[in-house]
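Position 1 is the first residue of the sequence, and the numbers go up from there.
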Amino acid sequence: MALVHRILTLFWLEFMAGTVVWFRRDLRISDHAPLERAARRGQVIPVFVLDPALLHHPETGSARVAFMLRCLQALDQDLQERGGRLILRYGDPVTLLPELVKSTPADGIYAYTDCERIYGRVRDARLNQALAEQGLRIRWFEPVASSAELMAYPQYRRWWFEQMREPLIATPCQIQVPDGIASQPWPDLTSLGHQPDGKGIPVGGTAAARELLQSFMATKTQRYYWQLSYPGAEATSGLSPYLKFGAISSRECVQTLDPLTRSLDARIQRSAQQLIARLRWASGFGQRFRYLPQLELRSLYTVFDQEGWDFDPKLYGAWQQGQTGFPIVDAAARCLQATGGWGSLNFRIRAIYASFLSNLLGYDWRWGALHFMRHLIDGDCPIDHYQWAMQAGVTHCVDKSWTRIYNPEQAAIDRCDPEGSFVKRWLPELAHLPPDQLGSPSPSYREPILNYRQARQCRVEQLQRQRQQFRTAADVVPHLAQLPPDLTPFGAEWVSCNVAWAQQGSLELFPTALDVQSLDPAQRQALRTWFVAHLDITPRRTPSRQKSRSKPSEPEVLQLSLLD
């Protein structure tokens, strides 16, 4: 009887136990494994920590913080509707979370792992150590489509679809939060050390994300696939800020879109498939950072950073402020600063803007990533940094001999803004010009800061020479950049920020980085598949202007046609 009584007691304590659920980039109550599991166990202490090291990271933008606050308020409302509430704390999670566990009925912490930033992985490793030293527990959950296992990219692709088909995790009907746990007052931007910069901030939260997704399905799926590269068409889904903060899960998006992939209307079918593919690509960027966190700080291959980059602060400023003399580049610059990119600055325009800095000015892609992240409302480090490195030609693909360098002159207008609506919106001084003159406006606009063809030729020759060191290598490991001993974020000396954590000596990561030096030959080959082209795509030369004004039938045509 004593044994039975002990078992029943342990079961009762487990069932009634309280759990701290630490929200980070998962600001929702649906399809949320830590919250659902904690609610089944008993009482829940939902907490979000306003971390000064993230609030004042060199790449943190005030508009993104403002959107995060709106998502937090929406999360609090969703919790309240189920009897709970969100508890806010400000400070270092490594100190605050153990204190919260000890001062509440909680017996541990549930949280998703997070591999977006090196700082976060250093923080989580420190937290693991602090909890172990105090005899406290934490259970880490893997986000959907994130894995510690090194798998070849084709295998990951199949696994990603399997993950997306898994049933959504049930939303708790009731969330019981213990009484008497204090929460700090809701902050505004200024109290967090940020100033509003005039950008329009979207409505935050899961309900807003779902409304956007439904609106996309109802009004944009007949044209998304064909108009995605036209900024004036405003065909994007607008979901990226919500996915960045986890207000909606990628799995919920995929399952909501899935019926449209079987639509009898080919336009709707292809648009749904395209958006799902972009969700998969986003997960893939995060998985690459899971393996190689050094991608936040360095180019993938050492040769690109060893040889150095050009840099002229004056010309960098002209690129930032939209004063390059190339209208589509200048329009992108103004759009980014005015809107934070959300809903207006689509992938193709971001790519043209990025390519100009790295491939034509020849500047380190990290300067561009820094500028983007300080303005983007949807700024996500793996997505932003990896695509910046891709546009610069220093990451993807190891087996590719050509480089996508966008022509920022009339070819860009013809392909991406054939009616001139995007350029004219952001450069009203050119509103009087017909579209066929927007690529090379009169000298009254401003003198271009470079000669496109000369700059392009110089960059192509440089990349061809650099790539010879590794392009045909079966084993890329000897050519990969390693995690540097100094983890200080790029640009820390240029902006006001908090990087004290990076000066604390030996820094461990959690989840740990991939130990590439210890990989066996099969594992090295699996890693290589993440950095090769999986489609046989050959770049096309830009066709004649009359032809380019017609609607393309394939997105690859639109994406690869600005290469002359």
Between CD1 on residue Ile328 and SG on residue Cys416, distance to nearest 0.5 Å: 5.5 Å
Within the distance-only criterion (no hydrogens, no angle test), does the side chain of Thr529 pair as donor or acceptor with the backbone N or O of Ala526 below 3.5 angstrom? yes
Rounding to 0.5 Å, atoms NE2 (His479) and CZ (Phe470) come to a distance of 8.0 Å
Can you pull the salt bridge (charged side-chain N to carboxylate O under 4.0 Å, His left out) pairs that have at least one residue in residues 353-363, sequence neighbours excluded? none
Answer yes or no: does atom CZ of Arg465 have more than 12 heavy-atom neighbours from other residues, nucleotides or ligands under 6.0 Å? yes
Identify, with sequence neighbours excluded, every residue that meets side chain to side chain contact (heavy atoms under 4.5 Å, CB included) alongside Ala53. Asp51, Tyr119, Trp501
Going through the distances and angles, do Arg467 and Tyr301 end up as a side chain to side chain donor-acceptor pair (under 3.5 Å)? CA-CA 9 Å; Arg467 284 179 176 158; Tyr301 303 107; over 6 Å; no
Between CG of Leu376 and CG of Leu345, what distance do you get to the nearest 0.5 Å? 7.5 Å
Does the Arg348 side chain pair with the main chain of Pro231, one donor and one acceptor, at a distance under 3.5 Å? no
Between Ser518 (side chain only) and Asp515 (backbone N and O only), is there a donor and an acceptor less than 3.5 Å apart? yes
Centre-to-centre under 6.0 Å for Tyr363 and Tyr316, is that the case here? no
Apply the test salt bridge (charged side-chain N to carboxylate O under 4.0 Å, His left out) to residues Glu409 and Arg456: give CA-CA distance (whole Å), side-chain angles for both, the deciding distance (0.1 Å), then the verdict. CA-CA 12 Å; Glu409 298 176 331; Arg456 181 189 185 280; over 6 Å; no
Donor-acceptor pair, Tyr156 side chain versus Ala145 backbone, under 3.5 Å? yes
Is there side-chain contact between Thr221 and Leu275, with heavy atoms separated by less than 4.5 Å? no
Have a look at Trp530 and tell me which of Tyr153, Phe285, Phe289 forms a ring-ring contact (aromatic ring centres under 6.0 Å, His included) with it. Tyr153
For the backbone of Ile118 and the side chain of Glu296, can you confirm whether one donor and one acceptor N or O come within less than 3.5 Å of each other? yes
CG of Asp486 to CG of Leu297: how many Å apart, nearest 0.5 Å? 8.5 Å
If the test is ring-ring contact (aromatic ring centres under 6.0 Å, His included), which one of Trp388, Phe311, Trp319 qualifies with Trp367? Phe311
Please give me the minimum heavy-atom distance between Met373 and Cys381, naming the atom from each residue. CE-N, 3.8 Å
Sidechain-backbone polar pair: Lys199 side chain, Gln337 backbone, donor-acceptor under 3.5 Å: yes
Could you walk me through whether Arg223 and Gln227 pass the side chain to side chain donor-acceptor pair (under 3.5 Å) test, one step at a time? CA-CA 6 Å; Arg223 57 190 179 90; Gln227 295 184 349; 2.9 Å; yes
Shortest non-hydrogen separation from Leu519 to Gln523 and the atoms involved: CA-OE1, 3.3 Å
Over 60° means perpendicular and under 30° means parallel, so tell me whether His385 and Trp365 are parallel, tilted or perpendicular. perpendicular
Arg121 to Pro293 - nearest heavy-atom pair and separation: NH1-CB, 3.7 Å
Minimal non-hydrogen separation, Phe422 against Ala331, with atom names: CE2-CB, 3.7 Å
Just how far is it from atom CZ of Arg64 to atom CZ of Phe245, taken to the nearest 0.5 Å? 6.5 Å
Under 3.5 Å: donor-acceptor pair, side chain of Lys220, backbone of Thr236: yes
For this output row, return yes or no: ring centroids of Phe372 and Tyr353 closer than 6.0 angstrom. yes
Provide the full list of salt bridge (charged side-chain N to carboxylate O under 4.0 Å, His left out) pairs with a residue in residues 356-374, sequence neighbours left out, each pair given once. Asp305-Arg366, Asp364-Arg366
Out of Arg290, Arg24, Lys244, which residue meets the side-chain hydrogen bond (donor to acceptor under 3.5 Å, both in side chains) rule with Glu116? Lys244
May I ask you to establish whether Arg278 and Phe347 are in a cation-pi arrangement, using a distance under 6.0 Å from NZ or CZ to the six-membered ring centre and at most 45° from the ring axis? yes
Taking Ala392's backbone N and O only, do any of them form a donor-acceptor pair with Arg459's side chain (distance below 3.5 Å, no angle check)? yes
Rounded distance (nearest 0.5 Å) linking atom CG of Leu360 with atom CG of Leu450: 5.5 Å
Please determine which of Arg453, Gln454, Glu461 meets the side-chain hydrogen bond (donor to acceptor under 3.5 Å, both in side chains) test together with Gln457. Glu461
Closest non-hydrogen atom pair, Asn359 against Gln391: ND2-O, 2.6 Å
For Ser355 and Ala351, indicate whether the former's side chain and the latter's backbone hold a donor-acceptor pair under 3.5 Å. no
Testing the basics here: between Ala63 and Asp197, what is the closest heavy-atom pair and its distance to 0.1 Å? CB-OD1, 4.1 Å
Check against side chain to side chain donor-acceptor pair (under 3.5 Å), Gln482 and Thr302: CA-CA 8 Å; Gln482 302 299 307; Thr302 57; over 6 Å; no
